[in-house]
There are 2 protein chains.
Amino acid sequence: MATTALHTTVLDTIGRRITSGDVPAGTSLTLESIGTEFGVSRTVAREVMRLLEWLGLVRSGRRVGIVVLGADEWNVLDARVIRWRLEGPGRDAQLRTLTELRHAVEPLAAAGAARNASDAARASLVETATRMRVLGEAGDLEEFLRLDIRMHELLLRESGNEMFGALAGVVAAVLSGRTHLGLMPASPVPEALDQHEAVARAVADADPEAAEAAMSSIVGEVRRALPADT
Amino acid sequence: MATTALHTTVLDTIGRRITSGDVPAGTSLTLESIGTEFGVSRTVAREVMRLLEWLGLVRSGRRVGIVVLGADEWNVLDARVIRWRLEGPGRDAQLRTLTELRHAVEPLAAAGAARNASDAARASLVETATRMRVLGEAGDLEEFLRLDIRMHELLLRESGNEMFGALAGVVAAVLSGRTHLGLMPASPVPEALDQHEAVARAVADADPEAAEAAMSSIVGEVRRALPADT
DNA sequence: GCTTGCCAATGGTGCTATCAATGCGTCATG
DNA sequence: CATGACGCATTGATAGCACCATTGGCAAGC
């Protein structure tokens with residue numbers, strides 16, 4: 001975002017290569033090769049490597065070059081890494097682990113929102129849920145997704161816990177990945193719409209238990225709908 | 001870690017300044033000023049700024065310089081940011097939100113570990129729990145902390161979900177912060193020791209429900225022991 | 001007085017050149 | 001065959017340059 005287009009291009013390309021397994025762990029690169037391949041100076045290549053190093057994808061050392069690290073060293077909670085991995089192979093496993101994370105976090109966040117959300121947020125949640133029903137029944141998946149993301153993000157950010165709020169990007173990536181990878185039914189199941197409305201109502205009524213239960217049921221359903229978790 | 005000492009020094013100093021509120025949002029810096037203050041070249045200052053930008057602490061723009069961002073833009077889940085904030089004012093609020101996150105994640109992770117942990121890990125958990133009792137009753141807080149971290153880290157990493165594993169650093173930072181900030185009793189309460197043993201046993205017995213319940217009770221107790229959450 | 005548009009100062013962006021530091025491979029030597 | 005010293009490749013760090021987007025002020029016109 002804030003970083004320039006130049007950096008992001010190189011970063012995304014190399015990041016995708018590594019996370020996809022295209023460039024396996026142990027491979028070693030040099031600043032020179034990156035520079036020539038992308039037509040950038042060593043300065044830019046170096047800064048990109050710094051970022052990748054920070055993301056745990058590579059380690060750089062003198063004389064050794066830049067060596068690619070294994071998946072267990074990656075900063076898997078990073079939104080960029082998640083996006084890359086959702087685009088590559090292994091996206092099913094990725095969706096499973098992320099959904100499990102949602103299962104842990106979102107119910108508590110919903111309960112928090114029921115306690116702490118601003119009046120404006122509560123109203124916005126109710127409105128979003130009703131519009132979701134309309135669009136869902138109309139089968140407008142793209143717009144539905146936008147609202148879905150908005151709703152979950154609102155709940156996380158208004159939960160009163162910034163740590164939950166910080167996961168909004170992750171949840172957005174998952175939701176977006178789910179529809180864009182064709183894992184959504186042509187039109188959302190009625191139960192999901194009911195539950196979203198239930199969450200919104202519970203938050204509006206300042207009823208933490210009901211909000212937690214409804215959200216838990218939403219994520220639980222998503223989890224069951226995923227490919228079998230071997 | 002992997003980044004050099006030079007970078008880390010500058011990064012830590014500026015990071016602490018910003019997260020502590022010492023340098024308020026809206027302040028603008030220049031590469032020049034940072035370079036001269038720390039006696040580093042503009043290149044290094046630039047790379048540090050790239051990192052800080054990525055962490056959401058600053059945004060850099062042409063002509064504008066580098067402007068400090070507000071707390072709502074920070075990457076609060078980042079281990080570095082967490083460490084900085086635990087050292088500064090507002091550590092109580094920080095501990096509260098982090099504990100709530102633990103409350104969401106750790107019980108599920110324990111259940112996962114009961115399903116997926118390797119035999120070696122199960123054995124190691126049981127051994128760690130028993131040694132924790134010994135050291136806890138002896139009042140060796142420092143060594144107790146080491147084992148405590150080890151146990152929680154094992155559970156998270158063996159949960160079968162790398163997302164939980166990625167939070168091990170966060171949990172370690174919290175545990176470490178809790179004892180080093182003097183929020184621990186001189187010797188751990190017996191209930192905590194019991195519950196840790198209960199988790200270890202449940203994982204060893206491959207009993208997810210028991211593991212989840214015991215872990216939930218551990219974190220729940222920690223939560224109650226915190227300063228009132230206004 | 002207020003708006004519109006232009007201009008110059010500012011400070012990050014990206015490049016090149018250069019030297020220092022440092023590990024890895026190699027080769028000579030015992 | 002083992003061991004140690006040397007050379008070389010490659011990152012780390014600095015300096016200085018050209019470039020240009022942004023901003024704030026200034027001036028002209030309505």
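Note that these values count all heavy atoms, side chains included, but never hydrogens, waters or copies made by symmetry.
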Please identify each residue that fulfils side-chain hydrogen bond (donor to acceptor under 3.5 Å, both in side chains) with [X], with sequence neighbours left out.
X: B:Arg157; value: B:Glu153
X: B:Thr36; value: none
X: A:Glu127; value: none
X: B:Glu37; value: B:Arg17

Sorted by chain and residue number, the salt bridge (charged side-chain N to carboxylate O under 4.0 Å, His left out) partners of B:Glu32 (sequence neighbours excluded) come out as none

Considering residues at least two apart in sequence or located in another chain, which fulfil the salt bridge (charged side-chain N to carboxylate O under 4.0 Å, His left out) criterion with B:Arg122? none

Identify each atom pair where a protein N or O and an N or O of nucleotides 8-10 of chain C are less than 3.5 Å apart, giving names and distance.
from   : atom 1 : to      : atom 2 : distance (Å)
C:dT10 : O4'    : B:Arg63 : NH1    : 2.5

Does C:dT13 have OP1 or OP2 sitting under 4.0 Å from an N or O in the side chain of B:Arg50?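 True: B:Arg50 side-chain N/O within range (under 4.0 Å) of C:dT13 OP1/OP2.
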
Between A:His7 and C:dG14, is there a contact of a side-chain N or O with OP1 or OP2 at under 4.0 Å?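 Affirmative; the distance criterion is met.
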
Of the listed nucleotides C:dC24, D:dG12, D:dA13, the one nearest the side chain of A:Val64: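 For the A:Val64 side chain, the nearest candidate turns out to be C:dC24.
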
Within residues 33-43 of chain A, find the residues that approach DNA chain D with a heavy atom at under 4.0 Å, and present them sorted by residue number. A:Arg42

Protein-nucleotide distance ([X], atom [atom1]; [N], atom [atom2]), rounded to Å:
X: A:Arg46; N: C:dT16; atom1: CZ; atom2: P; value: 15 Å
X: A:Met49; N: D:dT10; atom1: CE; atom2: P; value: 15 Å
X: B:Glu47; N: C:dG14; atom1: CD; atom2: C1'; value: 13 Å
X: A:Arg59; N: D:dT11; atom1: CZ; atom2: P; value: 15 Å
X: A:Glu32; N: C:dT16; atom1: CD; atom2: C1'; value: 12 Å
X: B:Leu31; N: D:dG16; atom1: CG; atom2: P; value: 16 Å

Should the pair A:Arg16-A:Glu87 be classified as a salt bridge under the 4.0 Å nitrogen-to-oxygen rule?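 Judged by the 4.0 Å cut-off on N to carboxylate O distance, A:Arg16 and A:Glu87 do form a salt bridge.
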
Residue pairs passing the salt bridge (Lys or Arg N to Asp or Glu O under 4.0 Å) test where at least one lies in residues 160-171 of chain A, sequence neighbours excluded: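 Non-adjacent pairs meeting salt bridge (Lys or Arg N to Asp or Glu O under 4.0 Å): A:Glu162-B:Arg85.
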
For DNA chain C, the expected dot-bracket line (Watson-Crick or G-U under 3.5 Å, [ ] crossing, | inter-strand) is ||||||||||||||||||||||||||||||

Side-chain polar contacts of residues 63-76 of chain A - donor-acceptor pairs under 3.5 angstrom, sequence neighbours left out - could you list them?
from    : atom 1 : to      : atom 2 : distance (Å)
A:Trp74 : NE1    : A:Leu69 : O      : 3.3
A:Trp74 : NE1    : A:Gly70 : O      : 3.2

Using the side-chain hydrogen bond (donor to acceptor under 3.5 Å, both in side chains) rule, collect all pairs that involve residues 139-149 of chain A, keeping only residues at least two apart or in two chains. A:Glu142-A:His180, A:Glu143-A:Arg146, A:Asp148-A:His152, A:Asp148-A:His196

Decide yes or no on side chain to side chain donor-acceptor pair (under 3.5 Å) for B:Thr128 and B:Arg150, but give the supporting numbers first. CA-CA 8 Å; B:Thr128 306; B:Arg150 175 187 161 77; 3.3 Å; yes

